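To start, the structure itself, in structure tokens.
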Protein chains: 2
Amino acid sequence: MNVQEAMDKLKQNGYKYTDKRKDMLQLFSDESRYLAAKDVLEHMQDTYEGMSFDTIYRNLSLFTELHILEATELEGEKRFRFSCSTDHHHHHVICLDCGKTKHIHHCPMNDTPGAPGFQVTGHKFEIYGYCEQCSMKKDSAVR
Amino acid sequence: MNVQEAMDKLKQNGYKYTDKRKDMLQLFSDESRYLAAKDVLEHMQDTYEGMSFDTIYRNLSLFTELHILEATELEGEKRFRFSCSTDHHHHHVICLDCGKTKHIHHCPMNDTPGAPGFQVTGHKFEIYGYCEQCSMKKDSAVR
DNA sequence: CTTCATTTAGTAATAATTACGATTTATCTT
DNA sequence: AAGATAAATCGTAATTATTACTAAATGAAG
């Protein structure tokens with residue numbers, strides 16, 4: 001997924017091409033990590049002074065619907081990242097500080113026996129912690 | 001974990017024994033499933049008319065700290081359930097409608113190679129869907 | 001039964017998210 | 001290129017979950 005593909009997808013589904021949408025997508029493309037709505041807002045307001053919550057949230061959920069972004073819920077906030085690649089199911093190791101991720105290629109669903117009668121609609125496997133940079137930052141902050 | 005053990009744990013840690021706490025714990029003991037704060041509030045207000053949010057939330061987080069309850073975040077809400085058994089690490093299959101759970105005894109962390117430099121602090125593996133009763137309810141509601 | 005720290009009710013504050021009417025803008029049509 | 005139209009946006013208000021505060025009440029220990 002890249003910005004152009006994402007914009008094309010919007011077009012295909014009858015949505016409009018706006019600079020704000022492009023900039024939002026560019027942000028997610030540049031930062032390949034999970035961002036909270038407020039991170040997006042802050043970044044966008046550098047360029048578009050009066051940009052409203054509404055626009056941010058509406059577009060974030062639109063992008064998620066179209067599978068341009070993937071979302072997870074972390075520490076009471078929804079967070080979003082550019083959809084990695086649509087062709088390969090995977091999970092994430094997530095840095096709780098900066099939101100950076102590593103891939104986990106192995107999916108535990110393969111090893112988990114189905115529960116009879118239970119209709120499965122989704123699953124979540126995530127590993128949390130601190131990436132090398134952020135854990136060094138934390139260490140030095142303590143001293 | 002049962003109500004008595006939980007109350008003992010409170011005592012041991014210098015917290016007081018109140019009827020409200022006992023009733024809250026009894027609720028979790030009776031319903032062995034995930035409950036949202038508002039579910040707990042509603043149930044408690046049947047007995048204690050003017051019971052406040054504060055009391056519910058304060059106790060929920062106290063119980064969680066003492067590992068009497070375990071918490072997860074689901075659809076934008078924190079949910080709590082009686083801690084299953086402290087001696088055995090496990091994960092849950094969770095019904096999105098009623099909160100009932102089944103255990104997954106296998107932990108995917110065992111199969112997942114550590115990421116070098118990444119300091120792991122936690123992980124989450126959950127399977128979502130609808131239990132037999134709730135999926136039947138949904139089917140018949142559609143007709 | 002008195003003291004004292006804890007707990008609680010009532011309510012206000014915070015934070016994330018969603019909703020809405022008026023205005024603006026992108027796209028389509030001509 | 002200009003006008004029509006549906007979608008997007010702004011500014012702001014409403015909603016929802018959660019946390020915080022103060023005065024009053026209460027359980028526990030001596």
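Remember, it's a predicted structure, so these values are computed and weren't measured experimentally.
Between Thr18(B) and dT8(C), a side-chain N or O to OP1/OP2 separation shorter than 4.0 Å is present. A close approach under 4.0 Å does occur between a side-chain nitrogen or oxygen of Lys38(B) and OP1 or OP2 of dA17(D). For dT18(D), one of the phosphate oxygens OP1 or OP2 lies less than 4.0 angstrom from a side-chain nitrogen or oxygen of Tyr57(B).
Within 4.0 Å (heavy atoms only), Ala37(A) reaches sugar-phosphate atoms of the nucleic acid but no base atom.
Going from atom CD of Glu42(A) over to atom C1' of dA16(C) covers 14 Å, rounded to whole Å. At whole-Å resolution of the value, NZ in Lys22(B) and C1' in dG27(D) are 15 Å apart. Between the NZ atom of Lys78(B) and the P atom of dA16(C) there is a distance of 12 Å, rounded to whole Å. Computed from coordinates, the Leu41(B) CG to dT8(C) P distance equals 13 Å when rounded to whole Å. Separating the CG atom of Leu66(B) from the P atom of dT6(C) is a distance of 14 Å, rounded to the nearest angstrom. In this structure, Asp19(A) places its CG atom 14 Å from C1' of dT27(C), rounding to the nearest Å. Between Phe80(A) atom CZ and dA16(C) atom P the separation is 13 Å, expressed in whole Å. dT8(C) atom C1' lies 18 Å from atom OH of Tyr17(B), rounded to whole Å.
The residue among Glu77(B) and Lys16(A) whose nearest nucleotide of DNA chain D lies closer to the 5′ end is Lys16(A).
Hydrophobic clustering (side-chain heavy atoms under 4.5 Å, transitive across Ile, Leu, Val, Met, Phe, Trp, Tyr) keeps Tyr34(B) apart from Met44(B).
Partners of Thr64(B) by side chain to side chain contact (heavy atoms under 4.5 Å, CB included), not counting sequence neighbours, listed by chain and number: Leu69(B), Ala71(B), Phe80(B).
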Considering only nitrogen or oxygen atoms on both sides, find all protein atoms under 3.5 Å from nucleotides 10-14 of chain D and state each distance.
residue: dC10(D); atom: OP1; partner: Lys20(A); partner atom: NZ; Å: 2.6
residue: dC10(D); atom: OP2; partner: Ser52(A); partner atom: N; Å: 3.4
residue: dC10(D); atom: OP2; partner: Thr55(A); partner atom: OG1; Å: 2.6
residue: dG11(D); atom: OP2; partner: Gly50(A); partner atom: O; Å: 2.9

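Sorted by first and then second residue, the ring pair (Phe, Tyr, Trp, His ring centres under 6.0 Å) pairs involving residues 7-28 of chain B (not counting sequence neighbours) form an empty list.
With a 6.0 Å radius and a threshold of 12 heavy atoms from other residues, nucleotides or ligands, Tyr128(B) has its OH atom above the threshold.
Ring geometry for Tyr57(B) versus Phe53(B): interplanar angle of 30 to 60°, hence tilted.
When the options His123(B), Glu126(B), Lys102(B) are evaluated for a side-chain hydrogen bond (donor to acceptor under 3.5 Å, both in side chains) with His91(B), the one that passes is His123(B).
By the 6.0 Å and 45° rule, Lys20(A) stacks over the aromatic ring of Tyr48(A).
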